[in-house]
A.B. asks: 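Can you read through this structure? Questions will come right after.
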Amino acid sequence: MERVVFHVDVNSAFLSWEAARIVRDGGEDIRLIPAVVGGDPNKRTGVVLAKSIPAKKFGIKTGEPLSAALRKCSNLFIARPDFSLYEKNSRAFMDICREYTPTLEKFSIDECFLDMSGMRLVYPDIVATAYEIKDRIYRELGFTVNIGIGSNKLLAKMASDFEKPNKVHTLFSDEIEEKMWKLPVRELFSVGASTAARLERSHIYTIGDLARRSQKSVQAIVGVKFGELIHAYANGVDNSPVSSLTEEAKGYSISTTFEEDITSMTDAKAILLLLSDSVSARMRADGAQAYCIGVTVRTGEFKNNSHQRKLFEATDITSEIYNVSSELIGELWDGHTPIRLIGLSLTSLTRGESEQISFFEDEEKEKKRKVDKTVDNIRNKFGSDTVVRGTSYKTKMNVGKKYKAQMENKEEDS
């Protein structure tokens with residue numbers, strides 16, 4: 001029996017989640033006006049993390065400086081990023097999905113895979129079940145998703161990227177030639193702009209062109225390993241399982257996928273600050289500290305690169321986590337190769353363990369911890385927008401004295 005996999009993808013996640021909250025509070029639906037998520041509208045700093053369809057019509061791009069977006073559209077509505085809101089919505093829609101199958105794999109904060117292969121007896125009409133999930137998410141949570149149904153994870157993800165928003169599409173093995181092969185080769189999962197350009201120079205313009213070429217000829221263009229992968233993908237082959245393993249028992253993690261690739265270290269570090277602020281607040285709320293900080297980037301070619309660093313002292317301080325993660329991203333990324341995902345993980349946890357005394361530095365460390373807890377308390381009482389860290393927020397403390405390096409090219413579970 002053919003496998004059945006769902007890929008559930010939130011439409012314009014960050015903007016949709018902000019819009020749903022604003023609508024619940026009686027405000028205007030920012031999905032219908034020129035709007036973006038990113039930066040501080042008062043300081044005109046930061047980058048565009050997400051945009052509405054009307055904003056896209058002004059030429060606004062994800063990843064560009066907010067100041068540039070404002071020059072394109074002076075009346076642009078700007079919503080500050082709120083990763084605590086995004087995590088809450090992420091958990092909420094995945095909780096609904098888990099009601100339909102025990103095997104769910106979180107792919108990023110706004111997308112997941114469901115293995116529905118063993119659920120046919122419970123849900124014989126698998127397409128109707130996808131519509132039920134989609135409609136429940138909108139009815140109960142106020143935002144829309146696309147659901148792709150396929151014979152494997154690749155085909156499910158390709159299907160979810162068909163016409164948007166708020167749609168269900170299928171892409172089974174017998175539909176590959178009709179629905180997928182006619183698409184431009186750059187729309188194949190894992191084929192980025194530079195790879196697409198090389199393929200097009202070799203007269204491979206569609207996914208069908210790629211599928212019909214010999215594997216060896218494709219490998220001669222893009223390399224042995226990657227050539228084998230994309231040739232298999234073009235033919236709809238993907239044997240990877242839907243894995244329900246999570247990282248929650250081991251640590252805390254957060255990642256964000258960009259609609260358009262990031263190509264600036266300044267922009268990447270601004271996003272890392274937001275991630276550091278959000279994930280460290282979650283950890284502090286649980287009374288935990290981490291001995292290990294890890295950063296992952298996913299390039300435009302869908303290659304993951306990760307580095308980790310072990311600390312001499314466990315930390316829950318935002319500035320320390322940000323400083324170390326900034327160094328890590330500088331070590332694993334050249335600052336210009338397009339990346340589409342940044343992830344941050346805090347692992348090797350401890351709870352309630354007394355810290356080693358280090359005289360002068362401990363007093364400064366405790367001050368920073370008190371500042372973080374004060375910020376957390378204010379946000380919990382008055383809302384997450386009450387206190388916003390500037391993108392220039394960088395401490396000058398010498399964290400190099402507090403940790404030893406341990407570089408690992410290992411992808412964190414997510």
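Note that the structure is a prediction, hence the values are computed from the model and not measured.
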A.B. asks: As a test of understanding, state which of Phe6, Phe162, Tyr131 forms a ring-ring contact (aromatic ring centres under 6.0 Å, His included) with His169.
C.D. replies: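 Considering Phe6, Phe162, Tyr131, a ring-ring contact (aromatic ring centres under 6.0 Å, His included) with His169 is found only for Phe162.
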A.B. asks: Please enumerate all residues that pass side-chain hydrogen bond (donor to acceptor under 3.5 Å, both in side chains) together with Ser173, with sequence neighbours excluded.
C.D. replies: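 Scan of Ser173 (side-chain hydrogen bond (donor to acceptor under 3.5 Å, both in side chains), adjacent residues dropped) gives Glu2, Ser151.
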A.B. asks: Flag the pair Phe83 / Arg282 as yes when at least one side-chain heavy-atom distance between them is below 4.5 Å, and no otherwise.
C.D. replies: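 No - every pair of side-chain heavy atoms lies 4.5 Å or more apart.
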A.B. asks: Under the side chain to side chain donor-acceptor pair (under 3.5 Å) rule, what do Asn11 and Ser16 come out as? Steps first, then yes or no, please.
C.D. replies: CA-CA 7 Å; Asn11 301 134; Ser16 291; over 6 Å; no
A.B. asks: Is the NZ or CZ atom of Arg340 both under 6.0 Å from the centre of the six-membered ring of Phe189 and within 45° of that ring's axis?
C.D. replies: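 No; the conditions do not both hold, so Arg340 does not lie above the ring face of Phe189.
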A.B. asks: Grab the two heavy atoms, one from Ser160 and one from Asn146, that are nearest each other, plus how far apart they are.
C.D. replies: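 In this case the closest contact between Ser160 and Asn146 is O-ND2, 3.1 Å.
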A.B. asks: Taking C-beta and beyond as the side chain, do Leu114 and Ile133 meet within less than 4.5 Å on heavy atoms?
C.D. replies: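 Sidechains of Ile133 and Leu114: in contact.
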A.B. asks: Which heavy atom in Thr315 sits nearest to a heavy atom in Met283, and how many Å separate them?
C.D. replies: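 Reported closest heavy-atom pair: O-CE, 3.3 Å.
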A.B. asks: For the residue pair Phe107 and Phe113, does the interplanar ring angle fall in the parallel (under 30°), tilted (30 to 60°) or perpendicular (over 60°) class?
C.D. replies: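 Correct class here is perpendicular.
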A.B. asks: Can you sort out the partners of Ser108 under side-chain hydrogen bond (donor to acceptor under 3.5 Å, both in side chains), two or more places apart, ordered by chain and number?
C.D. replies: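 Testing Ser108 for side-chain hydrogen bond (donor to acceptor under 3.5 Å, both in side chains), a comparison that skips the adjacent residues, returns Asp110, Glu111.
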A.B. asks: May I have the step-by-step check of side chain to side chain contact (heavy atoms under 4.5 Å, CB included) for Arg98 and Tyr100, ending in yes or no?
C.D. replies: CA-CA 5 Å; Arg98 284 191 183 93; Tyr100 294 84; over 6 Å; no
A.B. asks: Nearest 0.5 Å, please: how far is OG in Ser52 from CG in Leu32?
C.D. replies: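 Between Leu32 CG and Ser52 OG, I get 8.5 Å after rounding to 0.5 Å.
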A.B. asks: Strictly distance-based, threshold 3.5 Å: is any side-chain N or O of Thr195 a donor or acceptor partner for the main-chain N or O of Val191?
C.D. replies: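 A pair under 3.5 Å: no.
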A.B. asks: For the pair Tyr252 and Leu349, evaluate side chain to side chain contact (heavy atoms under 4.5 Å, CB included) and give the outcome as yes or no after the intermediate values.
C.D. replies: CA-CA 9 Å; Tyr252 297 80; Leu349 301 180; 3.5 Å; yes
A.B. asks: Between Thr299 and Thr337, does a side chain to side chain donor-acceptor pair (under 3.5 Å) hold up when you go through it step by step?
C.D. replies: CA-CA 7 Å; Thr299 70; Thr337 299; over 6 Å; no
A.B. asks: Should Phe77 and Glu28 count as side-chain neighbours, where that means a heavy-atom distance under 4.5 Å?
C.D. replies: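 No, every pair of side-chain atoms sits at 4.5 Å or beyond.
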A.B. asks: Kindly give the heavy-atom pair with the smallest separation between Asn75 and Cys73, and that separation in Å.
C.D. replies: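 It is OD1-SG, 2.9 Å.
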A.B. asks: So do Trp181 and Asn235 actually touch side chain to side chain, heavy atoms under 4.5 Å?
C.D. replies: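 In short, these two side chains touch, coming nearer than 4.5 Å.
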A.B. asks: Write down the atom of Phe172, the atom of Arg3, and the distance for their closest heavy-atom approach.
C.D. replies: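 Nearest pair, atom of Phe172 first, then Arg3: CE2-O, 4.5 Å.
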A.B. asks: Return the set of residues passing side-chain hydrogen bond (donor to acceptor under 3.5 Å, both in side chains) with Lys57 (not counting sequence neighbours), or none when no residue passes.
C.D. replies: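 Lys57 satisfies side-chain hydrogen bond (donor to acceptor under 3.5 Å, both in side chains) with no other residue.
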A.B. asks: Looking only at heavy atoms, which two atoms of Thr62 and Leu49 are closest? And how far apart?
C.D. replies: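 Closest pair (atom of Thr62, atom of Leu49, distance): CG2-O, 3.4 Å.
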A.B. asks: Do the side chains of Thr170 and Lys179 get nearer than 4.5 Å, heavy atoms only?
C.D. replies: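 Yes, at least one pair of side-chain atoms sits under 4.5 Å.
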A.B. asks: State, yes or no, whether a side-chain contact exists between Leu76 and Val36 at a heavy-atom distance under 4.5 Å.
C.D. replies: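 In short, these two side chains touch, coming nearer than 4.5 Å.
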A.B. asks: Run the salt bridge (charged side-chain N to carboxylate O under 4.0 Å, His left out) check on Glu18 and Arg21 step by step: do they pass?
C.D. replies: CA-CA 5 Å; Glu18 294 286 354; Arg21 174 169 62 181; 2.9 Å; yes
A.B. asks: Flag the pair Lys134 / Asn166 as yes when at least one side-chain heavy-atom distance between them is below 4.5 Å, and no otherwise.
C.D. replies: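 The answer is yes; the side chains approach within 4.5 Å.
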A.B. asks: Does the pair Tyr233 and His231 meet the rule for a side chain to side chain donor-acceptor pair (under 3.5 Å), with working shown?
C.D. replies: CA-CA 5 Å; Tyr233 280 1; His231 187 262; over 6 Å; no
A.B. asks: Return yes if some donor-acceptor pair links the side-chain N/O of Thr129 with the main-chain N/O of Asp125 below 3.5 Å, else return no.
C.D. replies: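 Yes, because the side chain of Thr129 sits within donor-acceptor range (under 3.5 Å) of the backbone of Asp125.
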A.B. asks: For Ser253 and Ser345, test the side chains for any donor-to-acceptor distance below 3.5 angstrom and give the result as yes or no.
C.D. replies: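 No, Ser345 and Ser253 have no side-chain donor paired with an acceptor closer than 3.5 Å.
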A.B. asks: Against Glu64, only a single residue in Val47, Ile262, Asp267, Val48 fulfils side-chain contact (heavy atoms from CB on, under 4.5 Å); can you say which?
C.D. replies: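 Answer to the side-chain contact (heavy atoms from CB on, under 4.5 Å) test with Glu64 among Val47, Ile262, Asp267, Val48: Val48.
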A.B. asks: For the pair Lys157 (side chain) and Gly148 (backbone), establish whether a donor and an acceptor sit closer than 3.5 Å, ignoring hydrogens and angles.
C.D. replies: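 Side chain of Lys157 to backbone of Gly148, a donor-acceptor pair under 3.5 Å: no, none is there.
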A.B. asks: Measure the spacing between CD1 of Ile221 and NZ of Lys216 and express it to the nearest 0.5 Å.
C.D. replies: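 Ile221 CD1 to Lys216 NZ: 15.0 Å, rounded to 0.5 Å.
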A.B. asks: Do Ile30 and Leu15 come within less than 4.5 Å of each other through their side chains, counting heavy atoms only?
C.D. replies: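 In short, these two side chains touch, coming nearer than 4.5 Å.
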A.B. asks: Is there a donor-acceptor contact under 3.5 Å from the side chain of Ser255 to the main chain of Ile342?
C.D. replies: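 No, the answer is negative, given that no donor and acceptor are paired below the 3.5 Å cut-off.
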A.B. asks: Measure from the side-chain N and O atoms of Asp277 to the backbone N and O of Leu273, and report whether any donor-acceptor pair falls under 3.5 Å.
C.D. replies: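 Pair absent, no side-chain N/O of Asp277 close to backbone of Leu273.
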A.B. asks: May I ask you to check whether over 12 heavy atoms, not counting those of Ile53, lie within 6.0 Å of atom CD1?
C.D. replies: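 Result for CD1/Ile53: open.
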A.B. asks: Using every non-hydrogen atom in the two residues, find where Val218 and Gly227 come nearest and quote the distance to one decimal.
C.D. replies: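 Closest approach of Val218 to Gly227: CG1-O, 3.8 Å.
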A.B. asks: May I have the step-by-step check of side chain to side chain donor-acceptor pair (under 3.5 Å) for Asn323 and Ser326, ending in yes or no?
C.D. replies: CA-CA 5 Å; Asn323 284 344; Ser326 293; 5.5 Å; no
